[in-house]
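Reading through the structure tokens given below for one structure.
Sequence positions, counted from 1, serve as the residue numbers for this chain.
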Amino acid sequence: MEQPTPPGTFLHVAGARPNFPKLAPVYDALRCRGARQFVVHTGQHFDDALSGVFFRQLGMPAPDRNLGVSGGSDSEVIARIMLEFEAVARSIDPVCVIVYGDVNSTIAAATVAVKLGIPVAHVEAGLRSRDRSMPEEINRIVTDHLASVHFATSSDAVENLAAEGITGEGVELVGNPMIDTLLLSMERFDAEALRRDLRLPHEYATVTVHRPGNVDTDEDAREIVEAVHGVADLVDVVLPVHPRGSARLRSQGLEKHDRVHVVPPLGYLEFMGLVRESRLVVTDSGGVQEETTVLGVPCLTLRANTERPVTITHGSNQLVGRESVVRAATQVLAEERGVSVRPPLWDGAAGERIADSLNRRFQHLSINCAQNR
């Protein structure tokens, strides 16, 4: 009697801090369905606080392969990832390569996979800021036009894909897997030790900045520091400093304010605990816009645009300029904290929907998930 062919391997590619909370629920949902999986960490974020701690805190096994690619220009990083990843992809011959978000690892792995004839599934497809000066925007657009499966987090993302001619059964609105991780982890969030060490008052703001447009020149960094100091005149500020821009922000006097508390990058649980208890968040991060939406924390995004407009229509996010952030913060601090309104399908089950879709498309596995958890 002919034996059934064993299921092929799903090859996940991640490389930067924002990828890991998106990968975790997809990996877990596929695992409980009995799928064979292989995780490649490109090494784009190599610091333990931006990488290793996420795998430990999210209950994921260590990556099967770490390419160790970090440092250099965007083009250099993408080229090196492509060279290293091609050898891995050839050796595994996966049924699908799954990429996440919009970092350099995403576009690099998608390009290699398509050249090798391997289907690509893009988790968080269709987001658009319409600002092509952002490296992430180029990564999103190119990846979506290479992918054959597009998992969208919101209806506006589906509309963006349709406007670019990407329609049909390859596009699915599944919700937001990063929110799966948030909802699953909430009971473990704890910022008490950090608040105690910093002697924070009951009300404080959390600030994160790392986008090239905010930290890559002395002039930009100086204006960001002035904005942060302006917010600190109103309320204590905790700023987990990202390696990108750390030296430049400090050189512009970031720490020269008694109410600005600069700390190293935090683990997922510590950072999200800090955010959840914040009176206000000021950020240029896409993921933080989404997390504050679900947590109901007022968010001021230091950018002229956002690829996540659903955080404005369904959340408490608003776009602000450097010159208007203090005025906006003053207004937020004078108001009562609102109630969170989750966007459709941000219900903690996106990973399950993605796994069901991948199973249907590539594996046809019939495994009882409850027995495998």
When rounded to the nearest 0.5 angstrom, what is the spacing between [atom1] in [X] and [atom2] in [Y]?
X      : Y      : atom1 : atom2 : result
Asp236 : Ser278 : CG    : OG    : 11.5 Å
Thr292 : Leu280 : OG1   : CG    : 10.0 Å
Leu83  : Ile78  : CG    : CD1   : 12.0 Å
Leu333 : Leu234 : CG    : CG    : 6.0 Å
Ile92  : Leu11  : CD1   : CG    : 5.0 Å
Gln331 : Arg327 : CD    : CZ    : 9.0 Å

For Phe271, the option from Leu194, Val263, Val238, Leu266 that meets side chain to side chain contact (heavy atoms under 4.5 Å, CB included): Leu266
CG/Asp258: more than 12 non-hydrogen atoms of other groups inside 6.0 Å: no
Does [X] use its side chain to pair, donor to acceptor, with the backbone of [Y] at less than 3.5 Å?
X      : Y      : value
Glu76  : Ser73  : yes
Asn139 : Ile107 : no
Thr217 : Asp220 : yes
Arg211 : Asp284 : yes
Asn160 : Gly126 : yes
Ser357 : Ile354 : no
Trp346 : Ser154 : no
Gln57  : Tyr268 : yes
Arg128 : Glu137 : no
Arg199 : Arg195 : no

Are side-chain heavy atoms of [X] and [Y] found at a separation under 4.5 Å?
X      : Y      : answer
Arg31  : Arg36  : no
Met60  : Leu23  : yes
Arg65  : Leu67  : yes
His210 : Arg17  : no
Ile224 : Gln252 : no
Arg188 : Met272 : no
Glu270 : Pro240 : no
His122 : Asp144 : yes

Salt bridge check: are [X] and [Y] linked by an N-O gap of less than 4.0 Å?
X      : Y      : value
Lys22  : Asp180 : no
Arg248 : Glu219 : no
Arg360 : Glu169 : no
Arg322 : Glu223 : yes
Glu307 : Arg303 : yes
Asp347 : Arg342 : no

Just by distance, with hydrogens left out, do [X] and [Y] show a side-chain donor and acceptor under 3.5 Å apart?
X      : Y      : result
Arg308 : Asn176 : no
Thr306 : Thr301 : no
Asn317 : Thr311 : yes

Parallel, tilted or perpendicular: ring planes of Tyr100 versus His12, cut at 30 and 60 degrees: parallel
Verdict with supporting geometry, Arg361 and Glu172, side chain to side chain contact (heavy atoms under 4.5 Å, CB included): CA-CA 12 Å; Arg361 293 170 185 275; Glu172 291 190 45; 2.7 Å; yes
By side chain to side chain contact (heavy atoms under 4.5 Å, CB included) - contacts of Glu203 (at least two apart): Val235, Arg279
Verify same cluster id: Leu127, Val13 (apolar side-chain graph, 4.5 Å): no
Single-linkage hydrophobic cluster Ile141~Leu146, side-chain heavy atoms < 4.5 angstrom: no
His229 and His257: CA distance, side-chain angles, deciding distance, ring pair (Phe, Tyr, Trp, His ring centres under 6.0 Å) verdict: CA-CA 7 Å; His229 286 181; His257 193 297; 5.3 Å; yes
Nearest heavy-atom neighbours spanning Val231 and Ala205: CG1-CB, 4.4 Å
Which atom of Glu124 lies closest to which atom of Gly101, heavy atoms considered: OE1-CA, 3.3 Å
